[in-house]
Amino acid sequence: MFEWLQYDFMVRAVIATMVLSFSVAPVGAFLVLKRLSLAGEAVAHAIVPGIVIAFVVSGLSVVSMVVGGLAAGIVVAALASLVARMTIIREDASLASLYLIALALGIFILSAAGSAVPLQSFLFGSILGIDDETLMLIGVTATITLVSFSLILRPLIMSTIDPVFYESQSKHPGLVTQVFMFLVVLNLLGAFKALGTLMAVGLMILPATAARYWVSSITRYLMLTFLFALASCWAGLFISFYLPDVPSGPAIVIVAGVIFFLSMIFSPQGFHVGARLNLFRNGSKPVKHSRSNERDEPHEKTV
Amino acid sequence: MSVPLVSAAGLQLGYGDVPVVDKVSFALKRGEVLSVVGHNGSGKSTLVKTLLDILQPMSGTLDWQDGKPDTIAFLGQRTEFDNRFPIRVRDLAAMGAWPRLGFLGRIDAECEYQIEVALERTGTADIADMPLHKLSVGQLQRALFARTMVQDAPLILLDEPFTAVDQSTEAELLSLIDEWSTEGRSIILVLHDLSAVLEHCNSALILGKGNSLFGPPESVLTPENLVRFGYLSSSQADWLEAMHSKAGGRHV
């Protein structure tokens, strides 16, 4: 059962994904809360050419990958909002157009340059890819993310719930969203080796959407999102270890997807199948039940 | 009489270089309630945003006699409000204290007490642990009034606070506004509908057709003025006049 932990690269992967889960959980949670899930997906693809160009120019250097990825992410995001503001195309369409171009461009350059890295591990991740440098990157990413979040949590909550109120009470109302989008790109880069460019955003969004079914307070939401992310990572790694041809990214995202579906089916705020079945079994009339318990988490401290 | 908290003379307001309303003059003393009335696009929101420093006046200045207060409480319209956010009524009220607590400041005993009082006064104490998505419109508005109370500000701006709120809730929230004014807080009430609310105001400012008029409610909000500033059509005004003479000539 635990023989997989005898391998050094698996121990690395287990640690790396744990730290990564700490980092991506709050980012994913707020992507979902801010209704930016699809924008997150677009940004994930948009950073591909940056990573590829950095890779072609200076090999497997983590620093150049981060610089390239951040640059590409910022350029595409800025260009998308410029196009939306100055032309007739709306924001979602301009973002979709640009990220498709960026993704194609990235794969094109990677193939044309005759890369030594197999395309599959680039797109879908590889548990073997987690070297010392990647561990460092994940550690730094998690540190920056958690420190930033402790600082921007209140402004972020306020600007998400009530942007008009936030604008009235803040001196630099735009800043918090910019910091947040920077953290999104940073975490996508941190998740790149384990999950690949196509799957990285899955570890952000799916645990966050699954957790949303179970809680009604922000603190518990962030904690449960982390637990779901961690469970997905470890179970996914396990599967990817025993099925050698399965890259780690899709394995992790499929586990996260299973958690999402179970949450959707069984949670009180989802379809609540358990309660409905009980009603039939007792033979009583299906009473209209509250979609979740009335007083959630009454003993929690005020945020 | 005391000096005004804020006054303006000949203010021109607008977005960028597009003027919306000109020659806005008013004065608001401590403990007074000022109502702002006008048709859509007359500059009500522009005035609110200018007071909040989100917009700058195109010409003229706002005169804060004792300096601009650190906090201006604000309750806007709920059009962009996200009530599915996983947070409880209690936390929404606590949000009123966040700007002065900064990024990391803890909610201390005094602040906790303020929040409890606000929940009690707005009638939201027994729903304090409910998530926002289960609230009715009236309950949500009460919770937002609790947040406004927790802001503990000398000036309170309320932008159409009674939209889609039932009569009894409106009456209770109005008595809160009266209470704030006896505490010496100044209140600016932006109103879309003329209603009994106006009886709670010390003065009124009507905006419309790029112009404005300020004074006591009974002399500003006459049917002739409401027509002149584009708030009512002349047939609506005639109807109102007829109603009045039947009712014995009370002001609008």
Any [X] side-chain heavy atom under 4.5 Å of [Y] side chain:
| X | Y | result |
| --- | --- | --- |
| B/R88 | A/S216 | no |
| A/V164 | B/F81 | no |
| A/L33 | B/P86 | yes |
| A/F165 | B/L144 | no |

Does [X], at its [atom1] atom, have more than 12 non-hydrogen atoms belonging to other residues, nucleotides or ligands within less than 6.0 Å?
| X | atom1 | result |
| --- | --- | --- |
| B/Y15 | OH | yes |
| A/L146 | CG | yes |
| A/I88 | CD1 | no |

Rounded distance (nearest 0.5 Å) linking atom [atom1] of [X] with atom [atom2] of [Y]:
| X | Y | atom1 | atom2 | answer |
| --- | --- | --- | --- | --- |
| B/D82 | A/R35 | CG | CZ | 4.5 Å |
| B/L51 | A/S168 | CG | OG | 11.5 Å |
| A/S170 | B/L52 | OG | CG | 12.0 Å |
| B/L104 | A/L153 | CG | CG | 9.5 Å |
| A/I161 | B/I87 | CD1 | CD1 | 4.0 Å |
| A/T219 | B/D91 | OG1 | CG | 7.0 Å |

Does any backbone or side-chain atom of A/P155 lie under 4.5 Å from a heavy atom of chain B? Answer side chain, backbone, both or neither.
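Just the side chain, heavy atoms under 4.5 Å.
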Where is the tightest heavy-atom contact between [X] and [Y], given as atom of each residue plus distance?
| X | Y | answer |
| --- | --- | --- |
| A/R212 | B/F85 | NH2-C, 4.2 Å |
| B/F103 | A/L151 | CD2-O, 2.8 Å |
| A/R154 | B/G102 | NH1-O, 3.3 Å |

Check each atom of [X] against the heavy atoms of chain A and say whether the ones under 4.5 Å are side chain, backbone, both or neither.
| X | value |
| --- | --- |
| B/I54 | side chain |
| B/R78 | neither |
| B/T71 | side chain |

Criterion side-chain contact (heavy atoms from CB on, under 4.5 Å) against A/Q169, the qualifying member of B/R100, B/Q151, B/M95
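The option that passes is B/Q151.
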